[in-house]
Protein chains: 2
Amino acid sequence: MQTFYDQQYSFRSPVTSADRVLVAVQKAIVEGDIAAGSKISEAGLAKQFNVSRAPLREALARLERCHLVERTPNAGARVVTLTYKSLIALYQIREELEGLACRLAAEQMADDEIEALSKLLEQHLENQRVREGESYYQEAGDVDFHYRIILASKNQYLINMLCDELYFLVRMYRVQLGMNGPRVSRAFDEHKAIITAIANRDGELADLLMRRHISASRKNIETKLQAHKEVS
Amino acid sequence: MQTFYDQQYSFRSPVTSADRVLVAVQKAIVEGDIAAGSKISEAGLAKQFNVSRAPLREALARLERCHLVERTPNAGARVVTLTYKSLIALYQIREELEGLACRLAAEQMADDEIEALSKLLEQHLENQRVREGESYYQEAGDVDFHYRIILASKNQYLINMLCDELYFLVRMYRVQLGMNGPRVSRAFDEHKAIITAIANRDGELADLLMRRHISASRKNIETKLQAHKEVS
DNA sequence: AACCTTTTTATTGTCGACAATTAAAGCTCC
DNA sequence: GGAGCTTTAATTGTCGACAATAAAAAGGTT
């Protein structure tokens with residue numbers, strides 16, 4: 001299943017070898033294959049991907065940009081660690097920016113775009129029925145949904161910030177802390193309500209609903225993070 | 001006058017030569033010494049700063065990060081051009097994010113920090129009286145003010161996005177399109193009202209006032225941009 | 001044995017050269 | 001003379017090696 005969000009960097013296909021490495025390392029960090037908090041060796045990763053250090057450093061710079069690694073001069077890069085504080089900070093920003101995106105989308109989306117988004121949601125519903133309980137496809141669907149609305153805002157900076165700089169971190173929290181149980185179906189309903197508001201060209205309501213949707217999602221992850229902390 | 005905003009990259013002093021080049025080129029672009037829309041030659045700039053292309057490319061990557069240049073694979077980097085559309089997009093985001101920053105600051109700033117910020121504003125007022133009509137110091141003061149509030153939000157991502165990724169572009173609009181006339185003194189009054197709201201721990205009002213402040217600033221630049229376009 | 005200093009090692013930052021790609025110039029053909 | 005193709009030139013992407021810095025190990029002192 002080729003999902004929308006598999007691409008990055010404003011949705012260009014990887015042309016340079018730095019792009020390829022970036023995509024691979026992004027995926028590895030998001031999915032936890034490279035442990036959170038671990039140090040990244042430039043020479044090591046370069047060897048692993050059969051490239052020189054130059055393109056790898058370019059990739060590292062972009063990984064820093066999407067907040068997946070933290071670099072300190074002359075000391076190298078470390079994979080970020082997921083914390084409660086970071087989660088709150090991230091979702092505070094998402095509420096504001098995706099709320100704005102939703103409002104702009106309600107004002108600017110073409111009728112057929114709204115129709116297409118509505119159909120996409122129906123597709124996700126099918127998938128959910130078929131794969132009850134399996135969380136990954138739902139996450140992909142959720143990300144797809146948010147991506148579409150962000151793109152519909154037509155705000156260049158907003159698209160860049162959310163899709164390129166913030167969403168990999170969001171996915172990292174989701175993949176590593178999961179989304180499942182009753183939250184999945186509730187998220188669907190919230191998506192549907194948001195689309196309805198957009199279809200009615202009610203930007204204010206769409207904004208509000210998106211903020212609540214994100215807030216609910218945050219609370220869900222918060223509890224998982226809490227449970228996760230208590231175990232370890 | 002050493003101003004607060006002269007530093008960058010989360011306020012670390014430039015240690016590597018890529019840092020030095022970055023600061024210099026940032027300044028050159030913001031102040032229009034490197035023309036908007038012009039192509040950047042890696043070899044040329046590298047020679048100009050007496051460094052090799054490696055640190056210069058690192059600097060370019062960060063310039064792209066703060067939206068001062070746009071890079072396309074195998075085609076190089078171009079300095080961004082200031083447009084009406086871009087201005088609107090930028091300020092839409094600023095309203096949301098700085099509004100949030102203001103709300104968080106109202107909740108979290110220590111009493112002595114508020115006191116210090118209030119005193120900073122008095123200092124700016126002195127400066128304004130002395131240098132009536134000269135816009136640069138006012139801008140520096142304005143940027144100082146916004147920086148303080150953003151930092152007070154204590155939200156790591158918010159600080160990074162606003163101070164590292166967006167504010168150079170904001171400064172570019174200000175420096176090249178200027179802020180002067182009655183807007184200067186009005187901005188002072190708005191700053192004062194915002195501090196008062198923060199001192200009263202009224203986050204909601206502080207949020208609202210900051211949004212209006214930014215909106216007013218946008219309208220001011222809009223008219224300048226309009227006039228500028230009509231001339232050229 | 002713990003602490004500080006010095007030496008060693010490893011890692012990051014920088015350089016110059018080469019390969020790959022794109023943009024420009026020149027040529028051919030209509 | 002202009003459109004399309006070919007060749008040339010210029011620019012970007014990548015590589016391996018060296019220099020500079022920081023972390024680790026060894027040594028000495030109290």
Side-chain angles (χ1 to χ4, degrees), chain A residues 7-26 28-29 34-65 67-81 164, chain B residues 7-26 28-29 34-65 67-81 164:
Chain A
Q7 310 161 46
Q8 84 302 320
Y9 217 56
S10 289
F11 315 109
R12 84 168 188 226
S13 49
V15 291
T16 174
S17 72
D19 290 337
R20 285 196 349 262
V21 173
L22 172 66
V23 172
V25 179
Q26 258 176 347
I29 292 178
I34 300 178
S38 64
K39 184 169 185 312
I40 286 184
S41 159
E42 291 186 1
L45 263 189
K47 198 173 179 185
Q48 191 173 329
F49 285 99
N50 275 77
V51 292
S52 109
R53 279 178 52 217
L56 186 115
R57 280 171 67 85
E58 170 82 28
L60 277 184
R62 295 191 209 160
L63 285 171
E64 184 184 29
R65 185 168 165 175
H67 307 280
L68 291 183
V69 307
E70 288 168 354
R71 294 199 302 171
T72 37
N74 292 316
R78 297 197 90 86
V79 179
V80 295
T81 52
D164 289 344
Chain B
Q7 310 161 47
Q8 84 302 320
Y9 219 56
S10 288
F11 315 111
R12 84 168 188 228
S13 50
V15 290
T16 174
S17 72
D19 291 337
R20 285 197 348 263
V21 174
L22 172 66
V23 173
V25 179
Q26 257 175 348
I29 291 178
I34 300 178
S38 64
K39 184 169 185 313
I40 287 183
S41 159
E42 292 186 1
L45 263 190
K47 196 173 179 184
Q48 191 172 330
F49 285 100
N50 276 77
V51 292
S52 110
R53 278 177 55 217
L56 186 117
R57 280 170 68 84
E58 170 81 27
L60 278 184
R62 295 192 209 161
L63 284 171
E64 185 184 29
R65 184 170 167 176
H67 309 280
L68 291 183
V69 308
E70 288 167 355
R71 294 200 301 171
T72 36
N74 291 315
R78 296 197 89 85
V79 178
V80 296
T81 52
D164 289 344

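Residue numbering restarts at 1 for every chain, and letters A, B, ... go by the order of the sequence lines.
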Interface with DNA chain D, restricted to residues 44-51 of chain A and to heavy atoms under 4.0 Å | Val51(A)

Rounded to whole angstroms, how far apart are CZ on Arg53(A) and P on dA19(D)?
-> 15 Å

Glu70(B) CD to dT12(D) P: how many Å, rounded?
-> 16 Å

Does any N or O in the side chain of Arg78(A) come within less than 3.5 Å of the main-chain N or O of Gly37(A), such that one atom is a donor and the other an acceptor?
-> yes

Map Thr16(A) and Ala75(A) onto DNA chain D by nearest heavy atom, then report which one ends up closer to the 5' terminus.
-> Thr16(A)

Residue met sooner reading DNA chain D from 5', once Ala77(B) and Asn74(A) are mapped to nucleotides = Ala77(B)

Between the two end axes of the helix from dA1(C)-dT30(D) to dC30(C)-dG1(D), each built from 5 base pairs, what angle do you get to the nearest 10°?
-> 10°

The first and last nucleotides of DNA chain C lying within contact of chain A, meaning any atom under 4.0 Å from one of its heavy atoms, run from dT11(C) to dT14(C)

Nearest non-hydrogen partners of Pro55(B) and Ser17(B), listed with the distance | CB-OG, 3.6 Å

With Arg71(B) as partner, the option from Ile40(B), Leu60(B), Leu63(B) fulfilling side chain to side chain contact (heavy atoms under 4.5 Å, CB included) is Leu60(B)

Among Leu22(A), Val25(A), Leu45(A), the one residue meeting side chain to side chain contact (heavy atoms under 4.5 Å, CB included) with Leu56(A) | Leu45(A)

Give the intermediate values and the outcome of side-chain contact (heavy atoms from CB on, under 4.5 Å) for residues Arg62(B) and Asp164(B).
-> CA-CA 9 Å; Arg62(B) 295 192 209 161; Asp164(B) 289 344; over 6 Å; no

For the residue pair Val79(A) and Leu68(A), establish whether any side-chain heavy-atom pair is separated by less than 4.5 Å.
-> no

Where do Glu58(A) and Thr16(A) land on the side-chain contact (heavy atoms from CB on, under 4.5 Å) test, with the steps shown first?
-> CA-CA 11 Å; Glu58(A) 170 82 28; Thr16(A) 174; over 6 Å; no

Select base, sugar-phosphate, or nothing to describe what Ile40(A) touches, counting heavy atoms under 4.0 Å on all strands.
-> sugar-phosphate

By side chain to side chain contact (heavy atoms under 4.5 Å, CB included), which residues pair with Ala24(B), not counting sequence neighbours?
-> Phe49(B)

Can you sort out the partners of Ser41(B) under side chain to side chain contact (heavy atoms under 4.5 Å, CB included), two or more places apart, ordered by chain and number?
-> Ala43(B)

Whether over 12 other heavy atoms sit under 6.0 Å from Lys39(A) NZ | yes

Qualifying residues under salt bridge (Lys or Arg N to Asp or Glu O under 4.0 Å), relative to Glu42(B), sequence neighbours excluded = Arg53(B), Arg57(B)

